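Below, all heavy atoms of this structure are taken into account, side chains as well, without hydrogens, waters or symmetry copies. A quick note: this is a predicted structure, and the numbers were derived from the prediction, not measured. For this chain, numbers begin at 1 and follow the sequence in order.
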Amino acid sequence: MATTPMKKTSQTRNGFKAGEHIVYPAHGVGQITSIEEQEIAGFKLELFVISFEKDKMTLRVPVTKIAAVGMRKLSETAVVKKAMETVKGRARVKRTMWSRRAQEYEAKINSGDLVSIAEVTRDLFRADDQPEQSYSERQIFEAASSRLARELAAREKTDEPAALKKILAILNEYARIAR
């Protein structure tokens, strides 16, 4: 597959612009570093070049595919507020097999929907005085809480550790109240 050298194009496409933070459902929060034009296999394509700092990854997404992959702007303030209210709620754990629940949790995380991610974070949270989590529960909890923290950090213009600390403080506070 032959590619020709990249050519920088306009810095705004389909409402997205270079330098803006976005959410790519399969990978979380990233930043559009540029919008480029490339020729791939004889076709000219406009691509968003998205950098995911945490994963040390750069993704090139065709402008025409953003709807199909679910790429979106950061959540509005009202959605962030609703997600934080969700975190404060009582954990709702279905009585189904773990493998089925794990699939549902992964689907919620990969949906990119902030409130769904908050639900997974809330449902899998364990306070220090609660029973240990299995390795896979812990992995899914960390994936969900990290995604939630990254979007919260981008919205509040802070860093992920500070946002995660805020989320864990809320979870701990409301875990005591719920019992």
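Applying the salt bridge (Lys or Arg N to Asp or Glu O under 4.0 Å) rule to Glu85 yields the partners Lys88; only residues at least two apart in sequence or on another chain are considered. Applying the ring-ring contact (aromatic ring centres under 6.0 Å, His included) criterion to His27, with sequence neighbours excluded, gives Tyr24, Phe52. Judged as a side chain to side chain contact (heavy atoms under 4.5 Å, CB included), and not counting sequence neighbours, the contacts of Glu156 are Leu152, Thr158, Lys166. Taking Arg101 as the reference, nothing meets the side chain to side chain donor-acceptor pair (under 3.5 Å) condition, with sequence neighbours excluded. Contacts of Ser75 classified as side chain to side chain contact (heavy atoms under 4.5 Å, CB included), with partners at least two apart in sequence or in another chain: Arg72, Val79, Val80, Leu114, Glu151. Among residues two or more places apart in sequence or in another chain, the ring-ring contact (aromatic ring centres under 6.0 Å, His included) test is passed with Phe125 by none. For Lys94, the salt bridge (Lys or Arg N to Asp or Glu O under 4.0 Å) partners two or more places apart in sequence, or in a different chain, are Glu104. Thr96 meets the side chain to side chain donor-acceptor pair (under 3.5 Å) test with no other residue; sequence neighbours excluded. For Glu20, the side chain to side chain donor-acceptor pair (under 3.5 Å) criterion is met by Lys73, not counting sequence neighbours.
Just one residue in the list Lys108, Lys82, Arg92 forms a salt bridge (Lys or Arg N to Asp or Glu O under 4.0 Å) with Glu119, and that residue is Lys108. Of the residues listed (Ile32, Ile35, Thr33), the one engaging Val49 in a side-chain contact (heavy atoms from CB on, under 4.5 Å) is Thr33, and it is the only one.
One hydrophobic cluster, built from ILVMFWY side chains closer than 4.5 Å, holds both Leu168 and Ile109. In the hydrophobic cluster analysis, where Ile, Leu, Val, Met, Phe, Trp and Tyr join through side-chain heavy atoms closer than 4.5 angstrom, Val29 is grouped apart from Leu59. Under the 4.5 Å side-chain heavy-atom criterion for ILVMFWY residues, a single connected hydrophobic cluster contains both Val93 and Ile117. When hydrophobic clusters are built by joining Ile, Leu, Val, Met, Phe, Trp and Tyr residues whose side-chain heavy atoms come closer than 4.5 Å, directly or via intermediates, Val115 is not grouped with Val23.
Looking only at distances, no side-chain donor or acceptor of Glu46 sits under 3.5 Å from a matching main-chain atom of Glu37.
Of the inter-residue distances, the one linking Arg150 atom CZ with Glu53 atom CD reads 11.0 Å to the nearest 0.5 angstrom. Distance check, rounded to the nearest 0.5 Å: CD of Glu39 to NZ of Lys44 gives 5.0 Å.
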Distance-only donor-acceptor pairs under 3.5 Å for side chains of residues 62-71, two or more places apart:
none

Could you list the donor-acceptor pairs under 3.5 angstrom formed between side-chain atoms of residues 136-145 and any protein atom two or more places apart in sequence or on another chain?
unit_1: Ser136; atom_1: OG; unit_2: Trp98; atom_2: NE1; d: 3.0
unit_1: Ser136; atom_1: OG; unit_2: Ser134; atom_2: OG; d: 3.4
unit_1: Glu137; atom_1: OE1; unit_2: Ser134; atom_2: N; d: 3.0
unit_1: Arg138; atom_1: NE; unit_2: Glu142; atom_2: OE2; d: 3.1
unit_1: Arg138; atom_1: NH1; unit_2: Gln133; atom_2: OE1; d: 3.3
unit_1: Ser145; atom_1: OG; unit_2: Phe141; atom_2: O; d: 2.9
unit_1: Ser145; atom_1: OG; unit_2: Glu142; atom_2: O; d: 3.4

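The shortest heavy-atom contact between Ala163 and Ala149 is CB-O, 3.3 Å. Heavy atoms only, all atoms of each residue included: Asp123 and Ala91 are closest at OD1-CA, 3.5 Å. The two residues Arg122 and Leu171 come nearest to each other via the heavy atoms CA-CD2, 4.0 Å. In plain terms, the two heavy atoms of Leu148 and Ala83 that are nearest each other are CD1-CB, 4.4 Å.
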- Task: Go through Met84 and Ile167 one step at a time and tell me if the side chain to side chain contact (heavy atoms under 4.5 Å, CB included) criterion holds.
- Result: CA-CA 8 Å; Met84 297 314 285; Ile167 293 165; 3.9 Å; yes
- Dump the intermediate steps for side chain to side chain contact (heavy atoms under 4.5 Å, CB included) on Thr77 and Arg155, then the final yes or no. CA-CA 8 Å; Thr77 306; Arg155 287 286 304 159; 2.7 Å; yes
- Task: Test side chain to side chain contact (heavy atoms under 4.5 Å, CB included) on Ile22 and Phe48 and set out the steps.
- Result: CA-CA 11 Å; Ile22 54 90; Phe48 286 112; over 6 Å; no
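Listed by first and then second residue, the side-chain hydrogen bond (donor to acceptor under 3.5 Å, both in side chains) pairs that reach into residues 109-118 are Asp113-Ser116, sequence neighbours excluded.
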